[in-house]
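See structure below.
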Amino acid sequence: SPREADRILSGLVLEGLLAREGILYSFAHAAARSVVYAAIPDVNRRRRHGKVAERLLLAGGRLEETAHHLFHSPEPRRAREYLLRAGDRARRIGALREAALHYSRALEVTESDGDRFEVLIHRQEVFGHLGRKDAQREDIESLQHLAAALGDPRREREAAMREASYLESLGRKREALDRLNHALEK
């Protein structure tokens with residue numbers, strides 16, 4: 001019953017296992033969350049995330065929470081737009097690790113190569129700001145492969161400009177200029 005659930009949840013808050021903010025509960029500690037998550041079968045966990053996501057969508061819940069629960073629901077593709085918006089918001093306020101996580105999850109649920117290209121543009125920028133140069137380079141290489149596969153000259157130039165900017169950030173100015181010149185010749 002709802003009363004019994006409230007009593008149990010309140011007890012867990014008092015014991016410090018859960019935290020409560022308004023009508024929302026969350027685990028107070030990552031270790032407690034991990035133990036509980038491991039005990040719940042994946043199908044049940046996804047179904048519960050789906051129910052929470054639906055409630056958040058109806059109530060106009062926080063963007064990041066909605067994205068999280070949709071991503072972990074039985075239909076994670078529904079999270080794509082929310083993950084992108086959450087990534088954009090996190091990037092704007094300087095929460096770069098959070099932005100990288102949202103963009104990475106968005107990539108997991110993005111199917112079209114053209115859309116993947118656009119998400120990779122954002123993520124490689126964030127990786128650059130975080131100083132994760134190897135990850136940034138991998139994203140730039142993915143951009144180059146996608147642009148070539150799409151046969152899109154505009155995207156090929158964009159990928160080349162991203163590579164030149166990356167090279168310049170490493171102090172490899174000559175290579176950056178060569179890359180830009182090569183892109184302009186196409």
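This structure is a prediction, so every number in the text was calculated from the model and none was measured. Throughout, residue positions are numbered sequentially from 1 according to the sequence presented. In what follows, every heavy atom counts, from backbone to side chain, and hydrogens, waters and symmetry copies are set aside.
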Atom pair CZ (Arg33) and OG (Ser26), whose distance is rounded to the nearest 0.5 Å: 9.0 Å
From Phe117 atom CZ to Thr110 atom OG1, the distance as rounded to the nearest 0.5 Å: 14.0 Å
Ser104 and Arg123: side chain donor to acceptor below 3.5 Å: yes
Test log, rule salt bridge (charged side-chain N to carboxylate O under 4.0 Å, His left out), inputs Glu168 and Arg179: CA-CA 10 Å; Glu168 196 275 331; Arg179 186 64 188 118; over 6 Å; no
Short side-chain donor-acceptor distance under 3.5 Å, Lys133 and Ser169: yes
Salt-bridge contact Arg46-Glu75 (side-chain N to carboxylate O under 4.0 Å): no
Trace of the side chain to side chain contact (heavy atoms under 4.5 Å, CB included) decision for Arg154 with Arg157: CA-CA 5 Å; Arg154 181 192 65 79; Arg157 285 189 299 276; 4.0 Å; yes
Leu56 and His69, any side-chain heavy atoms less than 4.5 Å apart: yes
Chi angles and distances behind the side chain to side chain contact (heavy atoms under 4.5 Å, CB included) call for Arg105, His72: CA-CA 10 Å; Arg105 287 180 171 174; His72 291 289; 3.6 Å; yes
Hphob cluster co-occupancy, Phe27 + Leu12, side-chain heavy atoms under 4.5 angstrom: yes
Non-hydrogen side-chain atoms of Asp88 and Arg92 separated by less than 4.5 Å: yes
Contact check, side chains of Glu108 and Phe71, non-hydrogen atoms, under 4.5 Å: yes
Minimal non-hydrogen separation, Leu180 against Ala164, with atom names: CG-CB, 3.5 Å
Distance in Å, Glu64 CD paired with Leu83 CG, rounded so as to fall on 0.5 Å steps: 10.0 Å
Side chain to side chain contact (heavy atoms under 4.5 Å, CB included) between Glu118 and Arg155, worked out: CA-CA 10 Å; Glu118 299 307 320; Arg155 285 188 170 122; 3.5 Å; yes
Any side-chain heavy-atom pair of Leu150 and Glu156 under 4.5 Å: no
4.5 Å side-chain heavy-atom contact, Leu84 and Tyr103: yes
Flag if over 12 foreign heavy atoms under 6.0 Å of CG, Asn44: yes
Glu98 side chain near His102 side chain, heavy-atom distance below 4.5 Å: yes
Whichever hydrophobic residues join Leu57 through chains of side-chain contacts under 4.5 Å: Leu63, Leu70, Tyr82
Donor-acceptor pairs under 3.5 angstrom involving side-chain atoms of residues 141-148: please list them, not counting sequence neighbours.
from   : atom 1 : to     : atom 2 : distance (Å)
Glu141 : OE2    : Arg137 : NE     : 3.2
Ser142 : OG     : Glu138 : O      : 3.2
Gln144 : NE2    : Glu163 : OE1    : 2.8

Exercise: identify the closest heavy-atom pair between Ala39 and Pro41: O-CD, 3.6 Å
Arg91/Glu125 salt bridge by N-O under 4.0 Å criterion: yes
Shared hydrophobic cluster, Ile40 / Leu17 (ILVMFWY, side-chain heavy atoms < 4.5 Å): yes
Leu130 with Val119, same ILVMFWY side-chain cluster at under 4.5 Å: yes
From CA spacing to verdict: side chain to side chain contact (heavy atoms under 4.5 Å, CB included), Lys173, Leu167: CA-CA 7 Å; Lys173 294 181 188 317; Leu167 291 168; over 6 Å; no
N-O pairing of Glu158 and Arg162 below 4.0 Å: yes
Same apolar cluster: Ile121 and Leu96, side chain cutoff 4.5 Å: yes
Single-linkage hydrophobic cluster Met161~Leu177, side-chain heavy atoms < 4.5 angstrom: no
His129 side, atom NE2; Gln124 side, atom CD - distance, nearest 0.5 Å: 8.5 Å
Salt bridge Arg7-Glu4, side-chain N to carboxylate O under 4.0 Å: yes
